[in-house]
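In each ligand, atom 1 is the first atom listed, and ligand 1 is the first ligand listed.
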Amino acid sequence: MAKLGVNIDHIATLRQARGGVEPDPVTAAAIAELAGADGITIHLREDRRHIQERDLNLLRQTVKTRLNLEMAATEQILGIAAKVKPDMCTIVPEKRKELTTEGGLDVRINGDELKEAVDYLHRAEIPVSFFIDPDPEQIKAADKAGADYVEIHTGHFADAPDWKTQDQELIEIENAVKLARKLGLGVNAGHGLNYSNIKMFAQVRGIEEFNIGHSIIARAVITGLEKAVREMAQLVSFL
Ligand code: PXP
C-alpha cells in the first residue's frame, strides 16, 4: 500500500503573508497526521519564504509519523539538517526566483557535490533522497552518488497538455520506478499531483510514498471556507 506524505509549506506561506503566528504549520501537521498522513514534508528554503527554522525544530519534536525535509545541498542547510535530524532529507534544486521547485536535480552534472552532501548526511545517520526527473541516466547517477531513495518528479506528467502526452509521461515514470527499484533504491514521487491525476497511478507499482502539498491545501481552503464563514457570521450576529 502506498503512503501519503503531506507537504505543509503553503500553511507557512499563508502565515508569512501577515508575519504573524497563524495558521501554524505545527497545528496543520498534527491535523494531517490525525487524518491519516503517513508523513509530513517541509521545505526549508534558503530565503525562508515559508517554513522557518522554528517550524523545523518544533516539527522535529511533534511529528509522530515521519518528517521529510526538502532542502538544497548548501553548507548552511546541510548543517541545520545534521543538527535537527529529520527522518529523511530530500535534496532538491533551488532557485531564488522560482514559485516552486521547477524540476529535478541534475545528478549527472553535480554528482560529486551531491555525493559529498549524501556522505555528510549519512554521517549524521539521515537517509537521503534525490528529487529527479524520470530519466534513466539521472537514476543511475543518483545510485552512484549514494542516494538511498529517489523522489520522481511528476510535474511534467501533471502539466502535460493532453492525454497522450500525459500517458507518455506516465510510462516514463513507470520505467524510472522499475529501474530505481532494480538498483535497490527506494522510490517516492511528487509534484503537481491532485485529486484527479493521482488515480492514474493505479497502474504504477513500486512507489512507496506520494508527496502532495498544493492540491491538498487548496482543497482545504475551499472545503473549509463555508464552516469558517458560518462561525464568524454567528459571532457577528451576536453584536
Ligand atoms: N516534492 C517536492 C520535491 C517538491 O518540491 C514539492 C513542492 O514543494 C512537492 C513534492 C509537492 O508538490 P505539490 O505542492 O505540487 O503537491
Side-chain angles (χ1 to χ4, degrees), residues 2-14 16 25 28-29 32 37-52 55-56 59 66-74 77 81 86-107 110 114 117 121 127-135 138-139 142 147-160 166 169 173 176-177 180 185-201 204 207-222:
K3 294 193 167 88
L4 171 65
V6 177
N7 181 313
I8 56 168
D9 292 346
H10 281 1
I11 300 289
T13 302
L14 194 54
Q16 297 310 108
D38 299 293
I40 300 296
T41 294
I42 51 171
H43 185 170
L44 183 68
R45 296 187 75 103
E46 284 183 272
D47 63 9
R48 306 293 195 273
R49 69 171 77 150
H50 40 57
I51 293 293
Q52 308 295 308
D55 304 323
L56 173 61
L59 286 165
R66 288 168 52 77
L67 182 64
N68 173 31
L69 177 65
E70 276 179 29
M71 51 180 271
T74 64
I77 305 278
D87 296 294
M88 169 114 85
C89 286
T90 300
I91 301 185
V92 301
E94 197 176 293
K95 293 186 208 144
R96 286 213 167 218
K97 292 225 167 102
E98 67 190 355
L99 288 176
T100 179
T101 314
E102 284 170 354
L105 288 168
D106 195 339
V107 193
N110 304 305
L114 287 164
L121 291 168
V128 183
S129 180
F130 282 176
F131 184 57
I132 53 172
D133 289 333
D135 169 348
Q138 296 295 347
I139 289 168
D148 306 284
Y149 273 75
V150 286
E151 179 174 331
I152 306 286
H153 177 225
T154 51
H156 302 303
F157 156 83
D159 295 339
Q166 193 161 48
E169 294 287 350
I173 292 171
V177 175
L185 295 162
V187 185
N188 298 327
H191 215 280
L193 299 177
N194 59 37
Y195 292 80
S196 167
N197 63 25
I198 190 71
K199 294 174 196 154
M200 291 177 74
F201 281 85
V204 183
I207 297 176
E208 266 179 51
E209 184 169 281
F210 292 91
N211 279 316
I212 307 181
H214 183 86
S215 64
I216 293 177
I217 306 303
R219 181 167 288 214
V221 169
I222 294 300

Checklist entry - What do we get for E70 next to ligand 1 when only non-hydrogen atoms under 4.0 Å count, side chain, backbone, both or neither? => result side chain

Item to check | ligand 1 versus H43: contacting region, heavy-atom distance under 4.0 Å | outcome: neither

Regarding ligand 1, does [X] bring an N or O atom to under 3.5 Å of one of the ligand's N or O atoms?
{"X": "E151", "result": "yes"}
{"X": "H214", "result": "yes"}
{"X": "G213", "result": "yes"}

Item to check | Audit row: L121, I91, side chain to side chain contact (heavy atoms under 4.5 Å, CB included) steps and yes/no | outcome: CA-CA 11 Å; L121 291 168; I91 301 185; 4.2 Å; yes

Checklist outcome for this item: When every non-hydrogen atom of E70 is compared with those of T41, the smallest separation belongs to OE2-CG2, 3.4 Å

Item to check | Closest heavy-atom pair and its distance - P25, A12 | outcome: CG-CB, 3.9 Å

May I ask you to list the atoms of ligand 1 that are less than 4.0 angstrom from any heavy atom of [X]?
{"X": "N211", "answer": "10 (C), 11 (C)"}
{"X": "V92", "answer": "3 (C)"}
{"X": "N7", "answer": "8 (O)"}

Item to check | Min heavy-atom dist G192 to ligand 1 below 4.0 Å | outcome: yes

Checklist entry - In terms of residue, atom name and distance, what is the protein heavy atom nearest to atom 12 (O) of ligand 1? => result H191 CA, 3.4 Å

Next on the checklist: Could you check whether any side-chain N or O of N7 sits under 3.5 Å from a backbone N or O of I42, counting only pairs where one atom can act as donor and the other as acceptor?
Outcome noted: no

Next on the checklist: Parallel, tilted or perpendicular, judged at 30° and 60°: which one describes the rings of F131 and H191?
Outcome noted: tilted

Item to check | Test log, rule side chain to side chain contact (heavy atoms under 4.5 Å, CB included), inputs L193 and F157 | outcome: CA-CA 9 Å; L193 299 177; F157 156 83; 4.0 Å; yes

Checklist entry - ring-ring contact (aromatic ring centres under 6.0 Å, His included) with H50: which residues, sequence neighbours excluded? => result none

